[in-house]
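Nothing fancy with the numbering, it's 1 onward along the sequence. None of these values were measured; they are calculated from a predicted model.
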Amino acid sequence: MKKRLTEGQFHEAVKGLKVGEQTLEIARSVLIDGKPQADFVAQLGLSRGAVSQAVDRVWSAHQAKNLPPGYERVSAVLPEHQAFIVKKWAEDATRKREPTK
């Protein structure tokens, strides 16, 4: 899945987000305009990780603000067998949210 946002989604995602202008510029160009992250590595002399982190910061904010009602995003470190079960729960929840064809 390619990470893309509309202008409105972008503005909602960055509302209250404490990031610099360069981060906003990079994230806007990548997420709204579809510009490749590699362009910023060359253009600004930043590492790939720094550019990726700028985009991920805004993308994560967007995802956090756009969960369905009654859902919560969690992160956990679990033993393999428990992680397997949680991943299955996540797949089931995703299927339940998808519109039926």
*CA sep, side-chain torsions, deciding dist, call: R28, H11, side chain to side chain contact (heavy atoms under 4.5 Å, CB included)*: CA-CA 9 Å; R28 173 180 276 111; H11 284 292; 3.6 Å; yes
Point-to-point distance, once rounded to the nearest 0.5 Å, from [atom1] of [X] to [atom2] of [Y]:
X	Y	atom1	atom2	value
I26	Q22	CD1	CD	4.5 Å
E72	L67	CD	CG	8.5 Å
L46	F40	CG	CZ	9.5 Å
L17	K65	CG	NZ	6.5 Å
S47	Q53	OG	CD	8.5 Å
L44	D39	CG	CG	10.0 Å

*Are L78 and W89 connected in a single hydrophobic cluster, I mean Ile/Leu/Val/Met/Phe/Trp/Tyr linked by side-chain heavy atoms less than 4.5 Å apart?*
yes
[X] versus [Y]: any side-chain heavy-atom pair under 4.5 Å?
X	Y	answer
V58	L31	yes
V55	T23	no
R97	Y71	yes

_H62 to N66 - nearest heavy-atom pair and separation_ = O-ND2, 2.6 Å
*Please report the shortest heavy-atom distance between A61 and A13, naming the atom on each side.*
CB-O, 3.4 Å
Within a radius of less than 6.0 Å around [atom1] of [X], do more than 12 heavy atoms belonging to other residues, nucleotides or ligands occur?
X	atom1	result
K87	NZ	no
Q82	CD	yes
E91	CD	yes
E7	CD	yes

Could you tell me whether the side chain of [X] and the main chain of [Y] form a donor-acceptor pair under 3.5 Å?
X	Y	result
E12	Q9	no
S52	R48	no
R4	I32	yes
S60	D56	yes

*Can K3 and Q63 be counted as having a side-chain donor-acceptor contact under 3.5 angstrom?*
no
